[in-house]
Amino acid sequence: NEYENRRLTDDEFDRYSRQMIVPGMGKEAQLRLINSRVLIIGAGGLGCPAAQYVAASGVGTLGIVDGDVVEMSNLHRQVGHATSRIGMKKVDSLITHLKDLNPLPTYTPHPFHISSQNAADIISKYDLVMDCTDNAATRYLISDICVLLQKPLVSAASVQKSGQLIVLNCPPAQQGLIDKPYPPCYRCCFRKPPPPSAMVTCGEAGIMGTVVGMMGVAQAGEAIKILASNLHKPSTSTNPSAPPSENLCQPHLLLYTYDLASGIGPYTFRAAKMGGRKKNCFACGENSPSTLTLEGIKGGNPNYEQFCGLNAASTTL
Amino acid sequence: NEYENRRLTDDEFDRYSRQMIVPGMGKEAQLRLINSRVLIIGAGGLGCPAAQYVAASGVGTLGIVDGDVVEMSNLHRQVGHATSRIGMKKVDSLITHLKDLNPLPTYTPHPFHISSQNAADIISKYDLVMDCTDNAATRYLISDICVLLQKPLVSAASVQKSGQLIVLNCPPAQQGLIDKPYPPCYRCCFRKPPPPSAMVTCGEAGIMGTVVGMMGVAQAGEAIKILASNLHKPSTSTNPSAPPSENLCQPHLLLYTYDLASGIGPYTFRAAKMGGRKKNCFACGENSPSTLTLEGIKGGNPNYEQFCGLNAASTTL
Amino acid sequence: MGSSEPTSCETIPITVEFSGGLEMLFSNKAKHAVAVPSIDPVTNSPFNIGHLIRHLVDNLITDDRTDLFVLDDHLRPGILVLINDADWELEGEEEYEIQSGDAILFVSTLHGG
Amino acid sequence: MGSSEPTSCETIPITVEFSGGLEMLFSNKAKHAVAVPSIDPVTNSPFNIGHLIRHLVDNLITDDRTDLFVLDDHLRPGILVLINDADWELEGEEEYEIQSGDAILFVSTLHGG
Ligand SMILES: [Zn+2]
Ligand SMILES: [Zn+2]
């Protein structure tokens with residue numbers, strides 16, 4: 001057993017006892033969490049609740065990336081910040097809150113926006129990535145880096161009264177392999193971004209706090225499950241105890257629709273089955289090693305802003 | 001218009017702008033929230049996230065009832081508390097957090113357990129009740145008082161890897177009326193409690209933080225929707241603008257099952273249609289005015305502990 | 001037996017589901033495809049929910065703690081039954097006669113928080 | 001027309017659903033029961049998803065901003081199509097021929113957080 005030589009401290013036993021006695025968890029799963037490094041990209045409406053629950057559950061290292069500062073208009077939904085911390089960098093504000101919730105993890109602030117230049121360096125230091133960002137260009141960038149560095153990605157998004165969540169690239173497989181069923185990347189599921197005119201942000205279109213909150217907590221739930229149950233590690237001869245990753249090679253996209261005018265019903269939550277890795281995927285498919293590389297991304301290829309039409313849009317605005 | 005003479009302050013505009021621009025919300029819905037009084041009973045795994053989102057959304061008055069103090073073993077899931085506040089009353093700890101998140105609401109601490117003696121006095125001061133408690137006896141008591149005082153009730157529960165949520169008594173109707181379809185109370189849906197041997201608490205059986213967290217955020221979503229859209233006020237000739245309450249007279253019970261060994265699938269979330277008010281319901285049915293009264297409850301009738309078998313259990317333990 | 005009377009070896013395919021922790025008593029699986037007899041072999045009457053509950057105890061439960069599912073030959077209090085996603089009290093409770101393709105969901109009521 | 005060839009006035013009942021905000025373009029309703037012709041009247045070929053998209057623009061959309069649903073006579077990028085809860089890329093995309101009872105779900109991909 002890989003963690004045999006590490007015991008839980010009395011503090012850890014006391015703090016995590018209620019989740020360790022849940023069937024399927026236990027001491028070994030708790031130790032896996034303690035030995036995990038999670039990166040949350042975005043400290044906003046998704047990232048706040050996601051970080052609260054991931055930190056509280058006892059992951060060993062939690063990195064948070066965000067270049068923004070806390071504003072008053074964030075506080076109706078970004079429950080890890082506070083009125084007294086308006087103007088502070090979001091990563092510092094959120095980590096302040098998290099450290100008092102659970103002082104045991106190591107918190108690593110990355111107080112700037114993720115970019116083609118820095119993404120690989122940051123993501124390489126973690127075991128699992130949570131995409132809590134607010135724009136399409138960044139979502140494609142994060143997914144491409146996760147493919148190249150073989151990191152599982154828990155991706156969620158939310159605008160107005162809708163939310164979506166999907167687990168991608170889990171368990172990760174080498175770029176270009178198509179000999180077996182492998183899980184999809186973000187591009188396998190969402191090949192092309194919408195035109196800029198159809199892309200709405202929470203700032204422009206609005207967002208209900210509980211809708212983005214539900215998605216953030218659900219993201220934390222998927223991340224904790226993956227790390228605690230080793231779902232990101234494919235079964236191998238050296239790791240025979242890893243459970244089969246079940247339905248993650250053809251994951252379900254969770255669709256949440258909040259209706260202000262009526263109660264919860266059969267269409268409030270839906271799960272849509274997505275395909276696995278696509279043979280012709282630009283990022284992970286058969287020929288992808290020739291189209292997508294870490295060096296290329298760092299050098300500006302692909303150009304994510306152009307792919308998402310942002311240059312074209314900004315010339316007309 | 002009932003709120004015509006009240007304007008939103010600049011602070012309120014700034015803080016709530018992102019939810020006010022969501023289709024279906026707007027200034028009038030925001031003013032309804034600001035004029036609402038919400039009672040959260042239980043400041044634990046459900047109450048913490050529920051309170052965060054209800055407070056952040058801008059309800060005018062938020063009361064919180066709980067007699068416990070913060071313990072280390074709470075902190076893997078009770079994200080409104082903090083390590084530095086271990087030993088503090090939960091209501092005071094949670095309100096400390098909420099005041100910094102949103103200083104605008106009035107927060108009312110009720111730092112003791114709800115009981116047959118105090119329940120009616122407390123609940124009478126609020127417009128909507130959220131049941132975030134952890135035991136069956138209290139759940140029947142809260143529902144009975146909500147029937148008698150005609151308060152809508154958003155009820156959730158969670159243990160281990162399962163969660164449930166239902167909106168009851170919304171819009172409220174007078175006890176004993178059965179001439180039209182009316183919404184159910186807790187007893188209409190759950191006529192008898194399980195035997196004590198089958199009742200498990202989060203302390204004994206364990207709980208995953210994100211599971212109870214999902215239910216708490218969802219509870220906040222239902223409470224905010226009811227108050228913002230006036231779903232708790234039946235259409236009347238003096239209130240013709242109130243929308244029909246749609247599916248709340250036969251509400252759906254949301255069932256959430258978290259699977260540690262596989263991803264989200266079509267059975268992760270389910271919605272089960274419940275019946276409306278039952279003719280023979282002890283609390284709200286045809287003959288209920290003779291079986292359930294505020295005076296009776298205060299005098300110990302019904303005896304909720306006995307109903308839930310707690311006396312019998314304690315003699316054998 | 002006459003040809004117009006169904007024999008007790010005919011079976012009806014249904015789906016039985018468990019939620020709220022009950023799935024742990026049944027191989028830790030939420031959804032089960034089950035074939036039940038169209039006629040209950042003991043009472044010789046059309047197979048109803050009451051018969052189904054006994055059938056599940058005899059054939060499907062994998063946990064020894066059967067008292068978490070039945071007490072005194074009836075479903076224990078605190079379990080909700082949903083017949084095709086609707087409360088069984090609307091359908092006659094134990095007397096409801098099972099139809100081909102029915103989805104019967106047993107939900108343990110939760111009280112924790 | 002021969003009796004073995006379906007006529008263009010025969011219709012197929014299907015369910016069309018919208019999610020991710022697209023429902024706002026269609027009467028703010030998530031689920032629609034729709035009857036479509038079995039044969040597309042313009043091309044005289046079996047009615048497929050491509051025809052359905054045009055049909056929805058002609059008959060079901062209630063919002064003027066049709067460019068949020070179609071661009072250049074095709075579904076705009078950023079909309080996922082699920083045929084009976086499975087990604088349409090597994091089914092032939094626009095060429096998939098609609099069957100009676102199909103549930104076609106259009107989902108607008110979200111990017112906010
Ligand atoms: Zn791919
Ligand atoms: Zn009742």
Side-chain angles (χ1 to χ4, degrees), chain A residues 14-19 21-25 52-53 56-58 72-73 75-77 79 82-84 100-103 160-161 167 202-203 205-211 213-214 217-218 220-222 224-225 228-229 243 246-248 251-252 254 258 260-266 268-269 271, chain B residues 14-19 21-25 52-53 56-58 72-73 75-77 79 82-84 100-103 160-161 167 202-203 205-211 213-214 217-218 220-222 224-225 228-229 243 246-248 251-252 254 258 260-266 268-269 271:
Chain A
D14 198 3
R15 184 179 283 270
Y16 306 129
S17 56
R18 296 302 185 273
Q19 87 186 7
I21 59 177
V22 170
M25 289 290 294
Q52 287 180 334
Y53 285 94
S57 77
M72 177 92 92
S73 65
L75 294 177
H76 83 96
R77 67 189 188 279
V79 296
T83 310
S84 63
D100 201 10
L101 180 59
N102 188 357
Q160 293 187 338
K161 295 172 283 187
V167 174
C202 295
I207 176 74
M208 295 302 292
T210 58
V211 176
M214 288 285 284
V217 180
E222 296 308 292
I224 290 166
K225 156 201 300 190
S229 300
E246 298 263 341
N247 55 356
L248 288 170
H252 282 81
L254 177 67
Y258 176 77
L260 272 165
S262 72
I264 286 169
T268 304
F269 294 94
Chain B
D14 199 3
R15 185 177 283 271
Y16 306 129
S17 56
R18 296 302 186 273
Q19 88 187 5
I21 58 178
V22 170
M25 289 289 295
Q52 287 180 334
Y53 285 94
S57 76
M72 176 90 92
S73 64
L75 294 176
H76 82 96
R77 67 189 187 280
V79 297
T83 310
S84 63
D100 202 8
L101 179 58
N102 188 358
Q160 292 189 339
K161 295 172 283 188
V167 174
C202 296
I207 176 74
M208 295 302 293
T210 58
V211 175
M214 288 286 284
V217 180
E222 295 309 291
I224 290 165
K225 155 200 301 189
S229 300
E246 298 263 343
N247 54 357
L248 288 170
H252 282 81
L254 176 67
Y258 176 77
L260 272 166
S262 73
I264 287 169
T268 304
F269 294 94

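A, B, ... follow the sequence lines: proteins, then strands. Residue 1 opens every chain.
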Chain A contact via B/A218 - which portion, at a heavy-atom distance below 4.5 Å:
both

Whether A/K225 side chain and B/S262 backbone form a donor-acceptor pair below 3.5 Å
yes

What option among B/S17, B/G24, B/G221, B/A271 has the most heavy-atom pairs under 4.5 Å with chain A?
B/G221

Restricting to non-hydrogen atoms, name the atom on B/I264 and the atom on A/N247 that form the minimum distance, rounded to 0.1 Å.
O-ND2, 3.6 Å

For A/S84 and B/D100, which I'm curious about, is there any donor-acceptor pair between the side chains at under 3.5 Å?
yes

Between B/G209, B/P251, B/G265, B/A56, the one whose heavy-atom pairs under 4.5 Å with chain A are most numerous:
B/A56

Just do the side-chain contact (heavy atoms from CB on, under 4.5 Å) check on B/Y16 and A/M72 with the steps written out, would you?
CA-CA 9 Å; B/Y16 306 129; A/M72 177 92 92; over 6 Å; no

NE2 of B/H76 to CD1 of A/I224, rounded to nearest 0.5 Å, is 10.0 Å

Please classify the contact of B/V167 with chain A as side chain, backbone, both or neither, using a heavy-atom distance under 4.5 Å.
neither

Using modelled atom types and a 3.5 Å cut-off, is there a donor and acceptor pairing between side-chain atoms of A/T210 and backbone atoms of B/A220?
no

B/T268, B/L254, B/V211, B/N102: which one forms the most heavy-atom pairs within less than 4.5 Å of chain A?
B/L254

Is B/D14 in contact with chain A via its backbone, its side chain, both, or neither, using a 4.5 Å heavy-atom distance?
both

Distance only, no hydrogens: is a donor on one side chain within 3.5 Å (strictly under) of an acceptor on the other, for B/S57 and A/R77?
no

Nearest heavy-atom approach of A/G263 to B/E222 is CA-OE1, 4.0 Å

Looking only at B/Q19, B/R15, B/M208, most heavy-atom pairs under 4.5 Å shared with chain A are made by B/R15

For chain A, the option from B/M25, B/H252, B/K161 that forms the most heavy-atom pairs under 4.5 Å:
B/H252

Taking B/L101's backbone N and O only, do any of them form a donor-acceptor pair with A/T83's side chain (distance below 3.5 Å, no angle check)?
yes

